[in-house]
Amino acid sequence: MKKLPSKPVNELLTRGMISGEQGTIGHLTYKKGALVPTHQHINEQYSLITKGSVKVQILDKEYIVKADDRIIIPPNATHSFTALEDDTIDIDFFAPSRTDWIEGKNNYFEKK
């Protein structure tokens, strides 16, 4: 068994991931105020917050997701995450695999 490799996305967010043929698991660690900007993807997303809390915006609805809570984001739905606490941990499962992550093409973190 290997340790899940992770790397900083920016100064407030670190992400690790593993992918197979049919899905991707992401492990994200947020500092308070970290933002995953509004974006969408073809993948269905299952998010489990294991520590801390986040505000999740899906289309026109806002949710507060706390430790031991989960949320499902439908394919192609615009959404964003904002960390409400330091050291928030988010485990995400995506189906199908996140090819944009695998190929390094998830450019929604770039400043516009």
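The model shown is predicted, which means the values in this text are computed figures rather than measured ones. Side chains are part of it too, since the values below use all heavy atoms of this structure and drop only hydrogens, waters and symmetry mates.
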Quiz item: What are the two closest non-hydrogen atoms of Ser80 and Pro37, and how far apart are they?
Solution: CB-C, 3.9 Å

Practice problem: Taking all non-hydrogen atoms of both residues into account, name the closest pair between Ser19 and Thr24 and its distance. | Solution: OG-OG1, 2.7 Å

Quiz item: Does the pair Phe94 and Tyr46 meet the rule for a side chain to side chain contact (heavy atoms under 4.5 Å, CB included), with working shown?
Solution: CA-CA 6 Å; Phe94 301 91; Tyr46 306 79; over 6 Å; no

Exercise. Taking all non-hydrogen atoms of both residues into account, name the closest pair between Ile49 and Gly52 and its distance.
Key: CG2-O, 3.6 Å

Quiz item: Is the number of heavy atoms from other residues, nucleotides or ligands under 6.0 Å of Glu103 CD greater than 12?
Solution: yes

Quiz item: Which pairs with one or both residues in residues 52-69 pass side-chain hydrogen bond (donor to acceptor under 3.5 Å, both in side chains), sequence neighbours excluded?
Solution: Ser53-Glu85

Practice problem: Would you please test Leu13 and Thr29 for side chain to side chain contact (heavy atoms under 4.5 Å, CB included) and show each step? | Solution: CA-CA 6 Å; Leu13 176 62; Thr29 304; over 6 Å; no

Exercise. Check the pair Thr14, Leu28 against side chain to side chain contact (heavy atoms under 4.5 Å, CB included), reporting the backbone distance first and the verdict last.
Key: CA-CA 6 Å; Thr14 300; Leu28 296 96; over 6 Å; no

Exercise. Sequence neighbours left out, what passes side-chain contact (heavy atoms from CB on, under 4.5 Å) with Pro75? Give chain and number order.
Key: Glu44

Quiz prompt | Transitive ILVMFWY side-chain link Val65 to Leu84, under 4.5 Å | solution = no

Quiz prompt | Listed once per pair and sorted, the ring-ring contact (aromatic ring centres under 6.0 Å, His included) pairs that draw on residues 64-86, sequence neighbours left out | solution = His39-His79, His41-His79

Practice problem: Using the test side-chain contact (heavy atoms from CB on, under 4.5 Å), find all partners of Thr50 that sit at least two apart in sequence or belong to another chain. | Solution: Leu48, Ile89, Ile91

Quiz prompt | Ala77 versus Ile58, closest heavy-atom pair with distance | solution = CB-CG2, 4.2 Å

Quiz item: Considering only heavy atoms from C-beta outward, does the side chain of Val56 approach that of Ser47 to under 4.5 Å?
Solution: no

Quiz item: Listed by chain and number, what are the salt bridge (charged side-chain N to carboxylate O under 4.0 Å, His left out) partners of Arg15, not counting sequence neighbours?
Solution: none

Self-check item: Side-chain touch Gln45/Asn43, heavy atoms, less than 4.5 angstrom
Solution: no

Exercise. Group every Ile, Leu, Val, Met, Phe, Trp and Tyr by side-chain heavy-atom contacts under 4.5 Å, then state whether Ile73 and Leu59 land in the same group.
Key: yes

Quiz item: Mind checking whether Ile25 and Asp92 have side chains closer than 4.5 Å, heavy atoms only?
Solution: no

Practice problem: Please round to the nearest 0.5 Å and tell me the distance separating atom CD of Glu21 and atom OG of Ser97. | Solution: 8.0 Å

Quiz prompt | Ile102-Val9 co-clustered via ILVMFWY side chain contacts under 4.5 Å | solution = yes

Quiz item: Is there a side-chain contact between Val54 and Tyr30 (heavy atoms, below 4.5 Å)?
Solution: yes

Self-check item: Contacts of Lys51 that satisfy salt bridge (charged side-chain N to carboxylate O under 4.0 Å, His left out) - sequence neighbours left out
Solution: none

